[in-house]
Amino acid sequence: MATRPTFKLMGAAEIAARLRIGRARTYQLVGRRDFPEPYQVLAMGQVWLADDVEAWIKEKRPHLDDGDQP
């Protein structure tokens with residue numbers, strides 16, 4: 001059996017929790033040009049690679065770059 005690559009994904013709810021913001025603000029942020037592109041668009045919504053989101057946080061919201069990841 002082939003080994004599948006492992007990586008973490010984040011949806012809007014996980015991003016909101018990570019950034020400690022509400023749903024409306026989350027959707028404002030993910031719509032910005034400087035926010036990472038979604039990894040995939042599913043029927044339930046967009047998902048992002050957690051590493052991409054964390055890199056964005058480190059650059060744009062360094063005060064939240066405390067390693068306190070969900």
Side-chain angles (χ1 to χ4, degrees):
M1 181 187 235
T3 303
R4 289 197 254 177
T6 58
F7 47 88
K8 292 179 82 172
L9 298 174
M10 297 176 88
E14 291 81 15
I15 293 169
R18 176 67 177 89
L19 294 172
R20 303 176 190 117
I21 59 176
R23 188 166 76 179
R25 180 67 178 135
T26 301
Y27 286 108
Q28 288 176 341
L29 287 178
V30 301
R32 290 173 43 154
R33 284 195 237 190
D34 67 341
F35 199 82
E37 289 292 317
Y39 174 71
Q40 192 65 265
V41 179
L42 308 173
M44 54 71 64
Q46 299 174 331
V47 292
W48 290 262
L49 291 173
D51 287 344
D52 290 349
V53 175
E54 291 298 332
W56 184 88
I57 290 170
K58 188 173 191 155
E59 179 184 342
K60 303 292 184 181
R61 304 288 191 272
H63 64 284
L64 295 174
D65 182 30
D66 57 8
D68 191 21
Q69 301 175 33

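The figures here come from the full heavy-atom set of this structure, side chains too, leaving out hydrogens, waters and symmetry mates.
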Practice problem: Could you please spell out the steps behind the side-chain contact (heavy atoms from CB on, under 4.5 Å) verdict for H63 and R61? | Solution: CA-CA 5 Å; H63 64 284; R61 304 288 191 272; 3.9 Å; yes

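- Cluster annotation: L42 is not connected to M10 through the hydrophobic network of ILVMFWY side chains, with a link wherever side-chain heavy atoms come within less than 4.5 Å.
- Between atom CZ of residue F7 and atom CG of residue L49 there is a gap of 6.5 Å, rounded to the nearest 0.5 Å.
- When all heavy atoms of W48 and A12 are compared, the pair lying nearest together is CZ3-N, 4.1 Å.
- Note that the CZ atom of R25 and the CZ atom of R20 stand 15.0 Å from one another [nearest 0.5 Å].
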Quiz prompt | Stepwise side-chain contact (heavy atoms from CB on, under 4.5 Å) test for I21 and L29 | solution = CA-CA 10 Å; I21 59 176; L29 287 178; 3.6 Å; yes

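- Among all heavy-atom pairs drawn from A16 and G22, the shortest one is CB-O, 4.4 Å.
- Listed by chain and number, the residues in a side chain to side chain contact (heavy atoms under 4.5 Å, CB included) with K58 are D65 (sequence neighbours excluded).
- Here the NZ-CZ distance, from K60 to R32, works out to 6.5 Å after rounding to the nearest 0.5 Å.
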Practice problem: Applying side-chain contact (heavy atoms from CB on, under 4.5 Å), run through L19 and T26 and close with a yes or a no. | Solution: CA-CA 8 Å; L19 294 172; T26 301; 5.9 Å; no

Exercise. Show your working on side-chain contact (heavy atoms from CB on, under 4.5 Å) between D52 and F35 and close with a plain yes or no.
Key: CA-CA 9 Å; D52 290 349; F35 199 82; over 6 Å; no

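- When all heavy atoms are compared, the tightest approach of P36 to V53 is CG-N, 4.3 Å.
- A continuous path of hydrophobic side-chain contacts links I57 to I15 [ILVMFWY only; heavy atoms under 4.5 Å].
- Residues L9 and W56 do not share a hydrophobic cluster, defined by chaining ILVMFWY side chains whose heavy atoms lie under 4.5 Å apart.
- M44 and V41 fall into different hydrophobic clusters, where Ile, Leu, Val, Met, Phe, Trp and Tyr residues are linked whenever their side-chain heavy atoms come under 4.5 Å apart, directly or through other members.
- Minimum heavy-atom separation, L64 to R18: O-NH1, 3.0 Å.
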